[in-house]
Number of protein chains: 2
Amino acid sequence: MATIYEVSKLAGVSLATVSRVMNNNANVSDRTRQKVTAAMQELGYRPNSIAQSLASNCSNSVGLLVSELQGPFYGPMMSGIENAFRSQGKHVIIAAGHSDAQREQQGIEFLISRNCDALILHVEAISDDYLITLSKDKIPFVLINRYIPELADRCITLNNQLGGYLASKHILEHGHKNIAYISGPLWKKDAQDRLAGHKQALTEYQLDFDEALFYQGNFMEDSGYQGFKQLYQSPKPFTALICANDEMATGAMAIARELAIQLPEQLSVIGFDNVFFTRHTYPKLSTINYPIHDMGRMAADWILANVYNKNTVPLQTLFEPTLVARQSVIAIK
Amino acid sequence: MATIYEVSKLAGVSLATVSRVMNNNANVSDRTRQKVTAAMQELGYRPNSIAQSLASNCSNSVGLLVSELQGPFYGPMMSGIENAFRSQGKHVIIAAGHSDAQREQQGIEFLISRNCDALILHVEAISDDYLITLSKDKIPFVLINRYIPELADRCITLNNQLGGYLASKHILEHGHKNIAYISGPLWKKDAQDRLAGHKQALTEYQLDFDEALFYQGNFMEDSGYQGFKQLYQSPKPFTALICANDEMATGAMAIARELAIQLPEQLSVIGFDNVFFTRHTYPKLSTINYPIHDMGRMAADWILANVYNKNTVPLQTLFEPTLVARQSVIAIK
DNA sequence: TTGAAAGCGTTACCAA
DNA sequence: TTGGTAACGCTTTCAA
């Protein structure tokens, strides 16, 4: 591989000059620039990005930590992020944290050891304290789907409470009064907020929240399955079910069908997230849109602006969910 | 950040010695090793991986090019790969090629410019010739889901023909005789092979392949939808539908339902790939399992063995599909 | 506008 | 078993 040294020799200029035309930075005369460019072409020169990183103290890489590489939620987020960075010549290094505090921490350390210029973190289990401490290090990072007051400006979040409210309101508007709710694990802030939104809507409609119609799941399909089974066995009847995410809604629909419940005639169901497979369920699942792709893009923009000093779109940290009404919610008879 | 130099000073040894204990390579006396380790600890020393890369001419990074970061297929593959590498201290840089020749090529060049030690490529549009030429460069790579005779030892593939055969046989065993087929784009080898397997099964059952019951889709959901619509309008009746992947099967099921066709009573459907959402369809989709996670892992193992000289599991390049019988295929009445 | 030279933080070779 | 020192391929002052 040709080096900058060979280019400079062939072009009859100094290293510094070659470096300048590469970064088309300083003032280089047209004539010189041409000579250098020609030499590069002739040698098929490609700058060594590692050497550039070492000399400039900038690796042009950003670390991305997600809970899972698979599953419907993170794909669109990664996609938005990769896109934004690649067009700017930055690359993204991925790691999975598996919603486990220790593995998340290992992931972060791994990414740091890779000399990333910045981090995008979708972490769930790691403590606020750890992140606050981390923010005192020199490595910049942005948080997706997590709000820590001390780090407010780098938290890109969804208004989960509003989402929960919209879901419940949609159900309530269809005349349902006996509504079951399967939540996410309540140690997670988003699960809490979605539930809070639900309660808010209930209050608005002068309905009481009924513990007997509540089940705490873990955001995974199977807990929707188990949750529904349990709720169904309770003496309380209900005509609608709100699930705090689409995966649990899918699990619930599966068991409902096994129990020979007609959907949506006998039971209206609504999910949350609007992952792509909600289009594949039958009936098509009504849900709340989580603009995760855009939020990923925004995280990338934040870093482009704050770390790489690029001009980007105006930064935004709070995103709004919207209702996606499909066919799984119908008016009560 | 502490450097190796400060460590050497604090420990009272040379740079070389510190480097040795880091790579716990050469013969270092216990006493010296201890001193150095203590010094590292005291300074909170972390090696600079960029400098290591430059000096050792090894970036410890491998590039991963997939068609899409989102969608159900690539997640499990990326997951298998990331896992295998991280446990070995390698990191993976991702890029998307979007099934477009030019973007795939740009992706490869981008990854090369990042000084990856090796590449894992899931490319569809780029030509064999390009890849053969690339193989003459010094950068090693392995191909997933693509077979090029000249590069046979680095092609990790599925026996797609067998898969197509299994799918059709499953349908045939249930007594169906009028079978429609929605294929992938036939410029893709996997689409061809799956179709060939279908024809093979047909022959075995002494049935003719009927052009009127064939539609060429593009592996995307909507082409399943459109394909079914068209097939259904043709005068030929059919009792079973084979789709060359699960996404198209989902699209087909959606329109079938719109047309008030009872599934699976009036129409049996089988897909291909066994992506996770096949569990969410109704009826649950029978399909052919594509062990993409394992194949990703194997690609990683190949690189670990051939590029990083690690001992791994025995290498395997050809994988076998298996039938996953669920509820979308029933015997003809 | 250009060049010389000192880094950047390691590894790896050659001596001792 | 250790140390000295030249790479690795660039960027970035500082001078000219």
Side-chain angles (χ1 to χ4, degrees), chain A residues 1-40 43-61 89 112-117 138-139 308-309, chain B residues 1-40 43-61 89 91 112-117 138 308-309:
Chain A
M1 211 43 186
T3 70
I4 195 177
Y5 180 75
E6 302 170 47
V7 174
S8 80
K9 211 154 111 184
L10 181 59
V13 298
S14 72
L15 292 189
T17 302
V18 178
S19 178
R20 285 189 192 102
V21 349
M22 280 179 47
N23 304 302
N24 45 271
N25 260 353
N27 329 4
V28 182
S29 74
D30 273 3
R31 168 134 184 65
T32 308
R33 185 180 301 276
Q34 248 164 31
K35 279 195 303 189
V36 173
T37 317
M40 286 178 168
L43 294 170
Y45 171 75
R46 306 248 154 246
N48 178 321
S49 64
I50 302 273
Q52 287 178 317
S53 296
L54 184 59
S56 65
N57 195 29
C58 166
S59 67
N60 286 310
S61 73
I112 292 177
S113 81
R114 263 31 225 186
N115 289 79
C116 294
D117 296 329
K138 85 162 201 288
I139 188 159
Y308 295 116
N309 303 311
Chain B
M1 211 45 187
T3 71
I4 196 176
Y5 180 75
E6 301 168 49
V7 174
S8 80
K9 210 153 114 184
L10 182 59
V13 299
S14 72
L15 291 189
T17 301
V18 178
S19 178
R20 284 187 193 103
V21 348
M22 279 179 48
N23 304 299
N24 46 270
N25 260 352
N27 329 3
V28 182
S29 73
D30 273 3
R31 169 132 183 64
T32 308
R33 184 179 303 276
Q34 248 165 32
K35 277 195 305 190
V36 173
T37 317
M40 286 178 169
L43 294 170
Y45 170 74
R46 305 250 157 243
N48 179 322
S49 64
I50 302 273
Q52 288 178 317
S53 296
L54 183 60
S56 65
N57 195 30
C58 165
S59 66
N60 286 310
S61 72
H91 65 263
I112 292 178
S113 81
R114 263 32 224 187
N115 290 78
C116 294
D117 296 329
K138 84 162 202 287
Y308 295 116
N309 303 311

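Computed from heavy atoms alone, side chains included, the values below leave out hydrogens, waters and symmetry copies. Each chain gets a letter, A, B and so on, in the order the sequences are listed, and its residues count up from 1.
- Judged by distance alone with a 3.5 Å cut-off, no donor-acceptor contact links the side chain of B:R46 to the base of C:dG9.
- Contact annotation: the side chain of A:S61 approaches that of A:C116 to within less than 4.5 Å [non-hydrogen atoms, C-beta and beyond].
- Side-chain proximity of A:A16 to the nucleotides D:dC10, C:dA5, D:dC8 is greatest for C:dA5.
- If you take CZ of B:R20 and C1' of D:dG3, they are 7 Å apart, rounded to a whole angstrom.
- Listed here is the closest heavy atom pair of A:Y5 and A:L15: CA-CD2, 3.6 Å.
- One atom, CG of B:N24, and another, C1' of D:dT1, lie 16 Å apart when rounded to the nearest Å.
- Residue A:S29 is classed as a sugar-phosphate contact, given heavy-atom separations below 4.0 Å to backbone atoms only.
- Interatomic distance, B:N48 CG to A:N115 CG, rounded to the nearest 0.5 Å: 4.5 Å.
- Looking at heavy atoms from C-beta onward, B:S59 lies in side-chain contact with A:I50 at the 4.5 angstrom threshold.
- Of the listed nucleotides (D:dT11, C:dG3, D:dT2), D:dT11 has the atom at the smallest distance from the side chain of A:L15.
- In this structure, A:Q52 places its CD atom 17 Å from P of C:dG9, rounding to the nearest Å.
- Ranked by how close their nearest DNA chain D nucleotide is to the 5' end, B:S14 and A:N48 are led by B:S14.
- Between A:Y5 and D:dA7 there is no side-chain polar atom (N or O) within less than 4.0 angstrom of OP1 or OP2.
- Which of C:dG9, D:dG3, D:dG9 sits closest to the side chain of B:A51 comes down to C:dG9.
- Relative to the side chain of B:A55, the nucleotides C:dT1, D:dC14, C:dG9 differ in distance, and C:dG9 lies closest.
- Put simply, CD1 on A:I4 is 14 Å from C1' on C:dA5, counting in whole angstrom units.
- Side-chain N or O atoms of B:T37 include one that pairs as donor or acceptor with a backbone N or O of B:R33 at under 3.5 Å.
- Counting any heavy atom pair closer than 4.0 Å across all strands shown, A:N57 reaches no nucleic acid atom.
- For B:V13, taking side-chain heavy atoms from C-beta onward, the closest of the listed nucleotides D:dG3, D:dC10, D:dT2 is D:dG3.
- Nearest to the side chain of A:S56, among C:dT11, D:dC10, D:dT12, sits D:dT12.
- Within the 4.0 angstrom heavy-atom criterion, no nucleotide atom of any strand lies near A:V18.
- Neither OP1 nor OP2 of C:dT10 sits under 4.0 Å from any side-chain N or O of B:S19.
- One can place CG of B:L43 at 15 Å from C1' of C:dG9, the figure rounded to the nearest angstrom.
- Summarising the geometry, the separation between CG on B:N23 and C1' on C:dT10 is reported as 9 Å, rounded to the nearest angstrom.
- Between the C1' atom of C:dT10 and the CG atom of B:N60 lies a distance of 13 Å, rounded to the nearest Å.
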